[in-house]
Amino acid sequence: MNRQAVLFDLDGVLLDSGPTIRTALAAVATCATGQRTTPADLPPGALRRPRAEVLALLGVADPDDACSRWWDGALAAAPPSAFPGVLTALLALRAVNVALGVVTLQDRDRLPWYLPPALTDLLDVVITLQDAPAKPAPDGLHAALAQVGVLPEQAAFVGDSPGDMSAARAAGVLAVGAAWGWHPPAALRTAGARHLLSDPIRIGPSLLHHLTPIPTT
């Protein structure tokens, strides 16, 4: 195993999906309640709450049923784009033979239309909710590293939530916080982030300096 890897959470880290998810929450609430709901009506911190909780606060009687009916259609109406700088940073990592992967809570069946094709083409492995227990369990990170043949000490995980940081620590990989994501930097530090990145372009090769050097033969 003479390769390094950088794994990522998807929403709020690689994808600027906040507007998409806020619009989808409002659309599902509108369909379920019959009352017009806009993103401005969402409760504070909506992106940091479970969607069922947000929908319940908006008056949806059965959030799970509402999501099964309307969630994917609402997301598909305006799928997210990658944050500026993400594709450039990932290309720079690939240029130095770094394995790239995503560990996400998204459903696998959603990814063909949810992920921008240019991003999909750069990923070596994607672990979804159907492939491993959800973060903060470390199973998804272990599964991704097993597929690309990289040891935990040669890998970093970039996430934007306390659960991401907990998963990274439990998996034995470098926990890196994305300060542009949905949770404040202080929460990421408290959860165990070893480093904080201020901008997506910072996910490039400079990250590798924080990993254990690969032994030379």
Given the rule that I, L, V, M, F, W and Y join up when any side-chain heavy atoms are under 4.5 Å apart, are Val150 and Leu211 in one cluster? no
Is any side-chain heavy atom of Leu47 closer than 4.5 Å to one of Ser17? no
Leu174 CG to Leu7 CG distance, which is reported to the nearest 0.5 Å: 11.0 Å
So, the side chain of Ser166 versus the backbone of Gly163: is there a donor-acceptor pair under 3.5 Å, distance only? no
For Tyr114, run the side-chain hydrogen bond (donor to acceptor under 3.5 Å, both in side chains) check against Asp72, Asp107, Asp11, Thr20 and tell me which one passes. Asp11
Val125 with Leu10, same ILVMFWY side-chain cluster at under 4.5 Å: no
Nearest 0.5 Å, what's the OG1-CG distance between Thr120 and Leu115? 4.0 Å
Decide yes or no for Leu151 and Leu145: does some side-chain heavy atom of the first lie under 4.5 Å from some side-chain heavy atom of the second? no
Arg94 and Asp124, any side-chain heavy atoms less than 4.5 Å apart: yes
Close side-chain approach of Leu15 to Leu119, heavy-atom, < 4.5 Å: yes
Looking at side-chain heavy atoms only, is the closest gap between Val176 and Ile203 below 4.5 Å? no
For Pro79 and Ala76, which heavy atoms make the closest approach, and how far apart are they? CD-O, 3.2 Å
Quick check against the 3.5 Å criterion: does Lys135 have a side-chain atom that pairs as donor or acceptor with the backbone of Asp9? no
Distance (rounded to the nearest 0.5 Å) between Arg51 CZ and Asp64 CG: 7.5 Å
Just verifying a value: how many Å separate Leu208 CG and Leu93 CG, rounded to the nearest 0.5 Å? 6.0 Å
How long is the span from the CG atom in Asp41 to the CG atom in Leu57, to the nearest 0.5 Å? 12.5 Å
Here the pair of heavy atoms bringing Arg169 nearest to Ala175 is CG-CB, 4.4 Å
Is the backbone N or O of Val13 less than 3.5 Å from a side-chain atom of Asp160, with the two atoms forming a donor-acceptor pair by type? no
Do Arg48 and His183 have side-chain heavy atoms sitting under 4.5 Å apart? yes
Please check: side-chain N/O of Asp131 versus main-chain N/O of Thr128, any donor-acceptor pairing under 3.5 Å? yes
Side-chain heavy atoms under 4.5 angstrom apart, residues restricted to Ile, Leu, Val, Met, Phe, Trp, Tyr: same cluster for Leu90 and Val158? yes
Are more than 12 heavy atoms from other residues, nucleotides or ligands located less than 6.0 Å from atom CZ of Arg110? yes
Looking at every non-hydrogen atom in both residues, tell me the closest pair between Pro152 and Ala171 and how far apart they are. CB-O, 3.5 Å
Group every Ile, Leu, Val, Met, Phe, Trp and Tyr by side-chain heavy-atom contacts under 4.5 Å, then state whether Val148 and Val98 land in the same group. no
Exam field: side chain Gln130 to backbone Arg108, donor-acceptor pair closer than 3.5 Å: yes
Can you confirm whether more than 12 heavy atoms, excluding those of Arg189, are under 6.0 Å from its CZ atom? yes
Taking the side chain as C-beta and beyond, is there a heavy-atom pair between Ile201 and Phe83 under 4.5 Å? no
Heavy-atom neighbours of Arg49 CZ exceed 12 at 6.0 Å: yes
Can you list the steps and then say if Trp180 with Asp16 is a side-chain contact (heavy atoms from CB on, under 4.5 Å)? CA-CA 10 Å; Trp180 61 90; Asp16 186 10; over 6 Å; no
Locate the shortest heavy-atom distance separating Arg202 from Leu207; write the atom from each residue and the value. O-CG, 4.2 Å
On a heavy-atom basis, which atom in Pro200 and which in Ala89 lie closest, and how many Å separate them? O-CB, 3.8 Å
So, do His195 and His210 sit near enough that their side-chain heavy atoms are less than 4.5 Å apart? yes
Same cluster for Leu14 and Leu197 if Ile/Leu/Val/Met/Phe/Trp/Tyr side chains link at under 4.5 Å? yes
Between Leu25 and Leu55, the two heavy atoms sitting closest are O-CD2, 3.6 Å
